[in-house]
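Note that the structure is a prediction, hence the values are computed from the model and not measured.
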Amino acid sequence: MYVADGGDSTFVFTRVGTVSPAGTRSVERRGTSTRYAAITALGARLLPEDRQRAVLGGHTAAEFAGLLVERLPRITDLGDAALITWAAADTEHPKLPDALARLSALDVPGRPRYTVEAAWVLSALAAARAAADVEDRLAAARDRLLGALTGTSPLFPHATAPGLLPHYRAHVACFADQTYPLQALARLHATAPDPVALQAADACAARICELQGDGGQWWWHYDARTGRVIEGYPVYSVHQHAMAPTALFDLADAGGTDHRAAIRRGLRWMAEVPELAGPDGVPREPLIREDYAVTWRKVYRGDPAKAVRAARGLAARVVPGARLTPLDRVFRPLAVDRECRPYEFGWLLHAWLGGPAR
């Protein structure tokens, strides 16, 4: 997935399974992504140096992080800047101050932020804490994330404050809105004791594990007000093998609850894929494709215009907990998204080559 694009060392946006008119199957590369390049660096830095170079086009993770930092002046996306800063901090790159300066310039105080980006900012600053004076910004990033929680629900919303989302969708949060904040708060606590942050991370993790599907599925959309599932599908491979493990492992490493049983259930889903299994229990199509060196991206309903998610989101807005269960019979999750993105393997490496809980 590595590519040199116009002189920039980066990664493709995705690899997509295709079928030619003659019936030949292949996987083709499309687009590029700075965000996915940064996540890949975060995972690849845990490899031995020779394997880092194999993944990163001949560069070590630190060298590659430096190339990303050089790109920061033309980057305007806060999430991308946070991930690059995190990579620079984790690789102890001497240009970390440049990354922190750009991150500070983009993170204008008082603005609502998408929760995922706010979590990455906190993780980046926590990673930089030992090398730079970031205490004021760290405190603000921490308070912003914790302040996004509403009522008694332990789940995080999709944005840290009103203003980014239409009112009818403000209650809908996704799985990433849970894993990245709980990971950031756990990593913050690991750098210096913060019981409130750890408690919030623990509560969020406990709830998503409680809601985990019988087949090990990590569900997709939640009601941040009530802590309930709104719509389970799609189920994403990256959640099963990488994002849930890396967040929950970081929580355990920080002294939080050990959720390895839930991680194992999530991994089993990758092999068993109950949505696709026949009478013999074998999936009609594997998600782990060694022949193409990918894991197919997700299992989903195939409903037009994501109708089930939209209907359930609107219903839950009016009647919290509404499920519209007949939709499950009409739109069954039998479709496979034959696509794979670099961050899926970046977080995979980050999860499984990390700290003591692994």
- Message: With a 6.0 Å cut-off (strictly less than), is the heavy-atom count around CG of D136, excluding the residue itself, greater than 12?
- Response: no
- Item | Same cluster (ILVMFWY, side-chain, under 4.5 Å), F64 and V3 | yes
- Message: Between L56 and Y343, is there shared hydrophobic-cluster membership here, with clusters defined by ILVMFWY side-chain heavy atoms closer than 4.5 Å?
- Response: yes
- Counting only heavy atoms not in D50, do more than 12 fall under 6.0 Å of its CG? yes
- Query: Does I208 reach the side chain of L182, with side-chain heavy atoms less than 4.5 Å apart?
  - Reply: yes
- Got a second to check how far L334's CG is from Y300's OH, nearest 0.5 Å? 11.0 Å
- Side-chain donor or acceptor of T191 paired with backbone N/O of L188 under 3.5 Å: yes
- Message: Please verify the inter-ring angle class for F13 with Y36; under 30° counts as parallel, over 60° as perpendicular, anything in between as tilted.
- Response: parallel
- So do the side chains of C340 and M1 get within less than 4.5 Å of each other, counting heavy atoms only? yes
- Message: Is there a side chain to side chain contact (heavy atoms under 4.5 Å, CB included) between C204 and L155? Walk through the geometry before answering.
- Response: CA-CA 5 Å; C204 178; L155 299 188; 4.3 Å; yes
- Message: Any heavy-atom pair between the side chains of T60 and T91 that's under 4.5 Å?
- Response: no
- Are any of the side-chain heavy atoms of V229 and Q212 separated by less than 4.5 Å? no
- Query: Would L149 and Y222 show up in the same hydrophobic cluster when neighbours are defined by side-chain heavy atoms closer than 4.5 Å?
  - Reply: no
- Note on the structure: The single option from V134, L125, L72 that satisfies side chain to side chain contact (heavy atoms under 4.5 Å, CB included) with L103 is L125
- Message: Tell me if a side-chain donor or acceptor on Q240 pairs with a main-chain N or O of W218 at a distance below 3.5 Å.
- Response: yes
- Task: State the NE2-CH2 distance between H239 and W269, to the nearest 0.5 angstrom.
- Result: 10.5 Å
- Query: Side chains of P342 and I39: does their closest heavy-atom pair fall under 4.5 Å?
  - Reply: no
- Note on the structure: For S9 and H59, the nearest pair of non-hydrogen atoms, with its separation, is OG-NE2, 3.4 Å
- Query: Between Y180 and W347, how do the two ring planes meet: parallel, tilted or perpendicular, split at 30° and 60°?
  - Reply: tilted
- Item | Over 12 foreign heavy atoms within 6.0 Å of CD, E63 | yes
- Message: If hydrophobic clusters are built by linking Ile, Leu, Val, Met, Phe, Trp and Tyr wherever their side-chain heavy atoms come under 4.5 Å apart, do F11 and L47 end up in the same one?
- Response: yes
- Message: Pair L122, R142 - check side chain to side chain contact (heavy atoms under 4.5 Å, CB included), show working.
- Response: CA-CA 6 Å; L122 183 58; R142 168 207 185 265; 4.2 Å; yes
- Is it true that a side-chain atom of D250 and a backbone atom of A247 form a donor plus acceptor pair closer than 3.5 Å? no
- Single hit among Q52, R53, R45 for side chain to side chain donor-acceptor pair (under 3.5 Å) with E49: R53
- Query: Is the number of heavy atoms from other residues, nucleotides or ligands under 6.0 Å of R25 CZ greater than 12?
  - Reply: no
- Task: Calculate, to the nearest 0.5 Å, the distance between atoms CZ and CZ belonging to R338 and R289 respectively.
- Result: 8.5 Å
- Query: Can you check whether L267 reaches H241 side chain to side chain, under 4.5 Å on heavy atoms?
  - Reply: yes
- Query: For E92, does the CD atom have more than 12 heavy-atom neighbours from other residues, nucleotides or ligands under 6.0 Å away?
  - Reply: no
- Task: Evaluate the criterion side chain to side chain contact (heavy atoms under 4.5 Å, CB included) for residue pair R137 and D107; output intermediate values, then yes/no.
- Result: CA-CA 10 Å; R137 284 182 283 172; D107 195 9; over 6 Å; no
- Query: Got C209 and L248 here, is their nearest side-chain heavy-atom distance under 4.5 Å?
  - Reply: yes
- Query: If you round to the nearest 0.5 Å, how far is OG1 of T160 from CZ of R111?
  - Reply: 12.0 Å
- Query: What's the verdict on side chain to side chain contact (heavy atoms under 4.5 Å, CB included) for V235 and V273, showing C-alpha distance, side-chain angles and the deciding distance?
  - Reply: CA-CA 10 Å; V235 173; V273 201; over 6 Å; no
- Message: In this structure, is the centre-to-centre distance between the rings of W352 and F249 below 6.0 Å?
- Response: yes
- Under 3.5 Å, is there a donor-acceptor pair between the H171 and D223 side chains? no
- Do other residues, nucleotides or ligands put more than 12 heavy atoms under 6.0 Å from the CD atom of E290? no
- Which heavy atom of R358 sits nearest a heavy atom of L353, and at what distance? CG-N, 4.5 Å
- Item | Residue pair Y236 / T295, side-chain heavy-atom distance below 4.5 Å | no
- Note on the structure: Shortest non-hydrogen pair, F156 vs L145, comes out as CE2-O, 3.5 Å
- Query: Is there a path of hydrophobic side-chain contacts, each under 4.5 Å between heavy atoms of I, L, V, M, F, W or Y residues, that connects V16 with V299?
  - Reply: no
Going by atom type alone, with no hydrogens or angles, which donor-acceptor pairs under 3.5 Å involve a side-chain atom of residues 79-87 and a protein atom two or more places apart or on another chain?
unit_1 : atom_1 : unit_2 : atom_2 : d
D80    : OD1    : R35    : NE     : 2.8
D80    : OD1    : R35    : NH2    : 3.4
T85    : OG1    : A81    : O      : 2.8
T85    : OG1    : A99    : O      : 3.4
W86    : NE1    : D90    : OD2    : 3.2

- Could you tell me whether E344 and R341 have a side-chain N and a carboxylate O separated by less than 4.0 Å? no
- Note on the structure: When rounded to the nearest 0.5 Å, the distance separating CZ of R15 from CD of E339 is 11.5 Å
- Message: Could you report the tightest heavy-atom contact between G355 and D253, atom names first, then the distance?
- Response: CA-OD2, 3.5 Å
- Item | Exercise: identify the closest heavy-atom pair between P234 and K298 | CB-CD, 3.3 Å
- Task: Quick one: pull up CZ in R51 and CG in L46 and give me the separation to the nearest 0.5 Å.
- Result: 14.5 Å
- Indicate the atoms forming the closest heavy-atom contact of T115 with A159, along with that distance. OG1-N, 3.3 Å
